[in-house]
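Everything below concerns the one structure shown next.
Model, not experiment: these values are computed from the prediction. Side chains included, hydrogens not; waters and symmetry mates left out as well; all remaining heavy atoms used. The chains referred to below are lettered A, B, ... by the order of the sequence lines, with proteins before strands, and numbering in each begins at 1.
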There are 2 protein chains.
Amino acid sequence: MGAKKARPVTLQMIADQLGLHVSTVSRVLHAKPGEGLRAASSPTVERVRRLADELGYQRNPHAMSLRTQRSNLIGVLVPRLSDVVLATIYEGIEEAAAEHGLSTFVTNTRDVPEVQRARTEMVLGRRVDGMIFGDAHSDSGFLDEVAARGVPFVLVNRRAGGHPAVVCDDYLGGRMVAEHLLEQGHQDVAVVAGEPYASTGVDRTGGFADRFREAGLPIPEHRIVHSRFDAQGGRAGTERLLATGPLPSAVFVVNDFGAIGTIGALRDHGLRVGADIAVVGFNDTPLAAELPVPLTTVRSPMREMGRRGLRQLVRVLAGEPGETELLRPELIVRASSDRAQYERLMAKVAG
Amino acid sequence: MGAKKARPVTLQMIADQLGLHVSTVSRVLHAKPGEGLRAASSPTVERVRRLADELGYQRNPHAMSLRTQRSNLIGVLVPRLSDVVLATIYEGIEEAAAEHGLSTFVTNTRDVPEVQRARTEMVLGRRVDGMIFGDAHSDSGFLDEVAARGVPFVLVNRRAGGHPAVVCDDYLGGRMVAEHLLEQGHQDVAVVAGEPYASTGVDRTGGFADRFREAGLPIPEHRIVHSRFDAQGGRAGTERLLATGPLPSAVFVVNDFGAIGTIGALRDHGLRVGADIAVVGFNDTPLAAELPVPLTTVRSPMREMGRRGLRQLVRVLAGEPGETELLRPELIVRASSDRAQYERLMAKVAG
DNA sequence: ACGTTTGGCCCAAACGTTTGGGTAACCGCG
DNA sequence: CGCGGTTACCCAAACGTTTGGGCCAAACGT
């Protein structure tokens with residue numbers, strides 16, 4: 001039979017064993033360099049330190065949180081963690097949090113406003129020091145309320161209402177895609193634009209449309225459809241596009257997973273991606289490169305976004321003002337929209 | 001300017017405002033039905049309840065944890081959350097946890113033993129009530145230690161060393177795939193078997209190989225390669241397979257993401273999945289159905305696995321013995337390995 | 001020689017709960 | 001009228017820290 005779970009070591013035990021007072025031990029073990037210098041003589045400090053890690057002392061976080069009114073906990077809300085984009089951002093957050101001695105709670109809101117509210121309350125009930133929202137909706141009413149309550153937070157992934165946010169420069173990303181398609185000679189293009197409440201899709205679409213307008217090729221209304229961010233959404237959006245007019249020569253789907261759905265829908269209509277029609281996604285998720293016809297997409301620094309989001313939050317917690325950061329995207333051209341690459345690919349398959 | 005962050009409401013405040021003692025308020029608000037019935041008269045109970053939610057009272061979890069030595073927190077370790085399989089399992093865990101009034105910490109270990117150790121210590125340092133490991137290695141030394149320390153835990157995703165676990169019946173899943181390929185007439189098959197320390201890959205491969213052996217077609221050593229669980233791994237494993245002999249007629253990749261890499265590698269070699277070679281994955285991740293040639297795979301109840309894992313942990317926390325559960329997988333046949341479906345698909349594209 | 005500093009530590013309160021044990025007032029009952 | 005039993009509370013300790021304020025003795029300054 002295993003060891004019973006022994007009662008954890010406390011400052012008190014250490015103090016008793018050394019004939020010291022608990023406050024002394026506390027200062028020795030936890031005082032930041034600079035204060036608490038006169039807490040104990042250096043031989044005493046040594047004895048305390050030695051005994052502490054001999055016994056495997058670990059500070060009780062509940063007692064500490066209770067006393068200091070600081071939990072070193074932060075809450076993270078995302079639409080869904082099974083979306084690899086959000087999962088990767090969260091990995092960045094968690095990684096950086098650990099480096100700062102913080103722990104994170106993360107939870108799904110499925111983009112449902114009531115769930116966002118409920119989960120926020122529950123997270124706040126856990127007395128987190130701050131929050132990170134990855135699921136902001138552009139009508140920022142809810143976030144305004146949270147801000148008004150004095151809860152420190154930052155946004156990642158999506159921006160909203162001028163709250164401090166760390167996001168990809170989605171507008172620029174959209175422009176880059178447009179630029180690329182223009183270079184490839186496309187004149188009649190369409191967009192599967194994602195959810196209208198998410199700045200990601202809106203900004204990507206905005207940049208894309210602006211660039212085409214500047215090129216004298218404004219994109220008509222009916223060439224832009226909204227959809228969910230998953231494969232099903234991409235598929236449905238694409239079906240709608242195909243139903244409402246002649247075939248465009250290229251389609252920009254604001255999300256790689258949506259693009260997968262688009263590719264499926266095109267296939268169902270007997271269309272060959274890369275030959276009959278160009279497709280471009282966004283985010284450069286790992287599967288983009290591996291598709292039978294590799295997908296052109298825009299790489300967004302997701303992990304870095306998480307890391308920086310956390311760093312911003314730490315700043316806010318320290319009382320500094322939160323800043324908004326725009327991270328630079330990078331266009332990754334592959335066969336789904338590049339004639340030359342496509343030809344080479346086909347040559348290989350045929351050969 | 002927003003409201004300053006008001007000091008949260010405490011039992012004390014409620015008690016003072018009502019001329020009651022804090023202990024009375026505590027019992028009124030938190031006593032389980034059955035005890036504390038005689039804590040207060042029903043008009044008093046009413047007054048307390050009303051005031052409490054008028055002021056928006058929320059119990060301070062740190063104070064409670066400190067006093068009761070129970071944190072209602074559980075720690076979850078996974079290889080990586082950006083793997084949609086683990087993310088989905090975690091969603092199940094988190095969902096069920098919320099229903100039980102528990103909160104979860106989750107963190108990545110990247111399957112690196114030192115990281116597993118370090119993160120476990122950090123999680124335990126947060127005084128969680130129990131843990132769920134999704135990253136067990138089959139040499140279960142580390143987990144044995146954790147168990148010996150009296151930490152309550154259960155495993156999900158991968159089993160190891162007889163510790164209570166909730167996993168897919170991977171062996172059966174492997175057999176199902178073999179059965180299917182045998183029916184399709186395959187005689188020379190290969191396996192991309194994943195990491196050798198993960199029971200998932202090992203069991204799937206085991207079931208698959210056993211069934212083929214029973215059919216009188218034992219799979220030679222060189223037809224089984226190990227690899228990482230991601231697309232890169234699948235690609236690398238497949239390259240090795242292709243380099244070491246004649247082309248097999250089918251390849252079983254123990255993970256959908258690996259299969260994506262396999263498909264990419266095959267494409268690079270000018271091979272058409274579904275025509276020149278059959279491919280089967282595992283897990284039925286959302287993209288499997290949406291691939292240009294939809295992927296045959298085995299559906300494993302990932303979310304349910306998470307939910308049940310948490311339920312097992314709750315049982316263990318209640319002092320009952322933890323049980324191991326095997327969840328039933330389901331074969332999903334698609335065009336990547338089914339001649340008829342493939343023909344139909346091609347007919348549509350051509351037509 | 002005597003006041004002042006400072007080094008090295010102790011004291012005690014406080015953070016917000018929970019919980020085992022009171023204790024008055026009241027009721028019913030014989 | 002006296003007594004046991006409720007009913008409706010209150011009391012206080014405890015959980016493990018942190019932190020502002022002591023206090024005593026030794027070292028220092030003049």
Would one find a side-chain N or O of [X] under 4.0 angstrom from OP1 or OP2 of [N]?
{"X": "A:Gln12", "N": "D:dC15", "value": "no"}
{"X": "A:Ser26", "N": "D:dT19", "value": "no"}
{"X": "B:Arg7", "N": "C:dG16", "value": "yes"}
{"X": "A:Thr44", "N": "C:dC9", "value": "yes"}

What is the distance from [atom1] of [X] to [atom2] of [N], rounded to the nearest Å?
{"X": "B:Arg70", "N": "C:dT17", "atom1": "CZ", "atom2": "C1'", "value": "16 Å"}
{"X": "A:Leu11", "N": "D:dT19", "atom1": "CG", "atom2": "P", "value": "12 Å"}
{"X": "A:Met64", "N": "C:dT17", "atom1": "CE", "atom2": "C1'", "value": "19 Å"}
{"X": "A:Gln69", "N": "C:dA13", "atom1": "CD", "atom2": "C1'", "value": "14 Å"}
{"X": "A:Leu20", "N": "C:dC11", "atom1": "CG", "atom2": "P", "value": "11 Å"}
{"X": "B:Leu18", "N": "D:dC10", "atom1": "CG", "atom2": "C1'", "value": "15 Å"}

Given 3.5 Å as the limit, does a donor-acceptor pair link the side chain of A:Asn108 with the main chain of A:Arg110, or not?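 Judged by distance alone, no pair lies under 3.5 Å.
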Between A:Ser23 and B:Arg47, just flag the one whose closest nucleotide in DNA chain D comes earlier from the 5' side.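 Nearest nucleotide further toward 5': that of B:Arg47.
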For B:His21 and for A:His62, find the nucleotide of DNA chain D with the closest heavy atom, then tell me which residue's nucleotide is more 5'.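 Going by which nucleotide is closer to the 5' end, it is B:His21.
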Is there a donor and acceptor pair, one atom on the side chain of A:Arg27 and one on the base of C:dG7, closer than 3.5 Å?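 No such pair is found, so the answer is no.
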Base partner of D:dT7, which must satisfy Watson-Crick or wobble distances under 3.5 Å: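 Partner of D:dT7: C:dA24.
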Nucleotide paired to D:dG29 in any strand shown, Watson-Crick or G-U, under 3.5 Å: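 C:dC2 is the nucleotide pairing with D:dG29.
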Determine, step by step, whether B:Asn157 and B:Thr200 satisfy the side-chain contact (heavy atoms from CB on, under 4.5 Å) criterion, reporting the C-alpha distance in whole Å, the side-chain angles of both residues, the deciding distance to 0.1 Å, and the verdict. CA-CA 7 Å; B:Asn157 185 41; B:Thr200 45; 3.8 Å; yes
Counting only side-chain heavy atoms from C-beta out, which of C:dG8, D:dA8, C:dG16 sits nearest to A:Ser41?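 Closest nucleotide among those given: C:dG8.
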Is the shortest distance from a Lys or Arg side-chain nitrogen in A:Arg158 or A:Asp111 to a carboxylate oxygen in the other one below 4.0 Å?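 The answer is yes: the pair qualifies as a salt bridge.
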Here's a test of your reading of the structure: between B:Asn60 and B:Thr24, which maps to the more 5' nucleotide of DNA chain C?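 The residue whose closest nucleotide sits nearer the 5' end is B:Asn60.
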Quick one: on DNA chain C, does A:Val22 or B:Val9 contact a more 5' nucleotide (nearest heavy atom)?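 Looking at the nearest nucleotide for each, A:Val22 comes out on the 5' side.
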Evaluate the side-chain proximity of B:Arg117 to B:Met122: yes if any heavy-atom separation is below 4.5 Å, no if none is.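 Of all side-chain heavy-atom pairs linking B:Arg117 with B:Met122, none is under 4.5 Å.
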Let me confirm one number: the CD-CZ distance from A:Glu95 to A:Arg303, rounded to the nearest 0.5 Å.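 Rounded to the nearest 0.5 Å, the CD-CZ separation comes out at 5.0 Å.
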